[in-house]
Visitor: 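One structure, pasted below without further comment.
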Amino acid sequence: MKSILVMSISDCFDYVVHQPSLTPYIIISIQDSQNGFGLEFVESRFCKGVLTLYFDDISQAAPGLKLFTNNQALEIIAFLKKHEDVATIVIHCYAGESRSAAVASVLETLYDDCLVTSKRPPFPNMHVHKVLLDAVAKYW
């Protein structure tokens with residue numbers, strides 16, 4: 001069974017530092033395009049892979065901000081395929097509500113047996129959801 005954990009940046013940091021179990025995991029780190037969050041996750045004994053993506057929580061193009069792209073969706077797909085043997089997927093964005101929730105929502109459709117856990121109510125970014133869902137339909 002896949003376990004998909006949707007978190008804020010601070011919750012993800014706490015998860016990594018205080019490792020609640022000995023279960024290996026991978027991280028999809030979604031950070032703002034300007035300067036990220038000043039924190040980068042790295043592989044470790046339990047963290048088997050990190051994919052860091054930089055885009056903003058927007059649904060249409062806006063000056064100075066970066067929209068989620070099809071290429072980034074393909075990066076997520078390739079990352080998941082590379083680490084298909086890892087059962088725990090940690091996804092974070094700043095608040096753990098919008099961008100990460102959109103990714104988790106699509107991943108939930110990929111795996112027959114999975115559990116999505118989130119501390120906050122999800123408000124998925126519909127642009128991220130649509131772009132990733134379209135990419136999954138073509139390339140998964």
Side-chain angles (χ1 to χ4, degrees):
M1 174 165 81
K2 291 281 187 190
S3 177
I4 301 170
L5 308 176
V6 180
M7 302 179 177
S8 67
I9 181 70
S10 61
D11 290 337
C12 189
F13 177 78
D14 288 344
Y15 181 88
V16 170
V17 170
H18 301 294
Q19 186 58 36
S21 71
L22 303 180
T23 306
Y25 59 90
I26 58 174
I27 298 175
I28 298 175
S29 176
I30 301 170
Q31 304 210 18
D32 291 345
S33 69
Q34 300 304 311
N35 294 313
F37 303 134
L39 179 64
E40 285 190 32
F41 296 98
V42 296
E43 291 182 20
S44 66
R45 189 167 113 190
F46 296 109
C47 181
K48 300 303 179 186
V50 178
L51 174 63
T52 304
L53 299 171
Y54 296 92
F55 62 92
D56 296 295
D57 192 8
I58 55 175
S59 294
Q60 58 187 1
L65 298 177
K66 186 174 178 188
L67 200 57
F68 181 68
T69 66
N70 186 62
N71 284 342
Q72 290 172 317
L74 295 177
E75 286 183 69
I76 291 172
I77 292 169
F79 181 72
L80 293 171
K81 286 183 176 185
K82 178 180 177 183
H83 298 287
E84 63 188 357
D85 60 323
V86 179
T88 301
I89 303 168
V90 176
I91 309 168
H92 88 78
C93 59
Y94 183 75
E97 297 173 356
S98 183
R99 293 170 286 180
S100 56
V103 172
S105 176
V106 173
L107 298 191
E108 190 173 20
T109 69
L110 295 179
Y111 303 110
D112 293 331
D113 190 19
C114 75
L115 174 65
V116 177
T117 305
S118 179
K119 287 186 175 183
R120 292 166 181 76
F123 298 101
N125 178 306
M126 294 315 293
H127 172 75
V128 173
H129 187 269
K130 181 184 181 332
V131 171
L132 184 55
L133 195 59
D134 289 348
V136 162
K138 288 181 185 176
Y139 301 106
W140 187 258

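Keep in mind that this is a model prediction, so the values were computed, not measured. All residue numbers in this chain count up from 1 along the given sequence.
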Visitor: Do the side chain of Q31 and the main chain of F37 share a donor and acceptor less than 3.5 angstrom apart?
Guide: yes
Visitor: Determine whether C47 and V16 satisfy the following criterion, side chain to side chain contact (heavy atoms under 4.5 Å, CB included), listing intermediate values before the conclusion.
Guide: CA-CA 8 Å; C47 181; V16 170; over 6 Å; no
Visitor: Answer with yes or no whether the hydrophobic clustering places F46 together with V17; edges join I, L, V, M, F, W, Y residues whose side-chain heavy atoms lie under 4.5 Å apart.
Guide: yes
Visitor: If you compare all heavy atoms of M7 against all heavy atoms of C12, which two are closest, and at what distance to 0.1 Å?
Guide: SD-CA, 3.5 Å
Visitor: Evaluate the criterion side chain to side chain contact (heavy atoms under 4.5 Å, CB included) for residue pair V6 and T117; output intermediate values, then yes/no.
Guide: CA-CA 6 Å; V6 180; T117 305; over 6 Å; no
Visitor: If you measure from the Lys or Arg side-chain nitrogens to the Asp or Glu carboxylate oxygens, is any gap between K130 and D134 under 4.0 Å?
Guide: yes
Visitor: When you look at CD of Q34, are more than 12 heavy atoms from neighbouring residues, nucleotides or ligands closer to it than 6.0 Å?
Guide: yes
Visitor: Would you please indicate if the ring centroids of F41 and F13 are separated by under 6.0 Å?
Guide: no
Visitor: Throw together a table of side-chain donor-acceptor distances under 3.5 angstrom for residues 75-94, partners on residues two or more places apart or in other chains.
Guide:
| unit_1 | atom_1 | unit_2 | atom_2 | d |
| --- | --- | --- | --- | --- |
| K81 | NZ | Y139 | O | 2.9 |
| H92 | NE2 | S29 | OG | 2.6 |

Visitor: Taking everything shown except K2 itself, do over 12 heavy atoms lie less than 6.0 Å from its NZ?
Guide: yes
Visitor: When you look at L67 and H127, which way does the side chain to side chain contact (heavy atoms under 4.5 Å, CB included) test go after all the steps?
Guide: CA-CA 9 Å; L67 200 57; H127 172 75; 3.3 Å; yes
Visitor: Which pair of heavy atoms, one from A135 and one from L74, lies closest together, and at what distance?
Guide: CB-CD2, 4.3 Å
Visitor: Distance to the ring centre below 6.0 angstrom and angle to the axis at most 45 degrees; does that hold for K66 and F55?
Guide: no
Visitor: Go through Y25 and K48 one step at a time and tell me if the side chain to side chain contact (heavy atoms under 4.5 Å, CB included) criterion holds.
Guide: CA-CA 6 Å; Y25 59 90; K48 300 303 179 186; over 6 Å; no
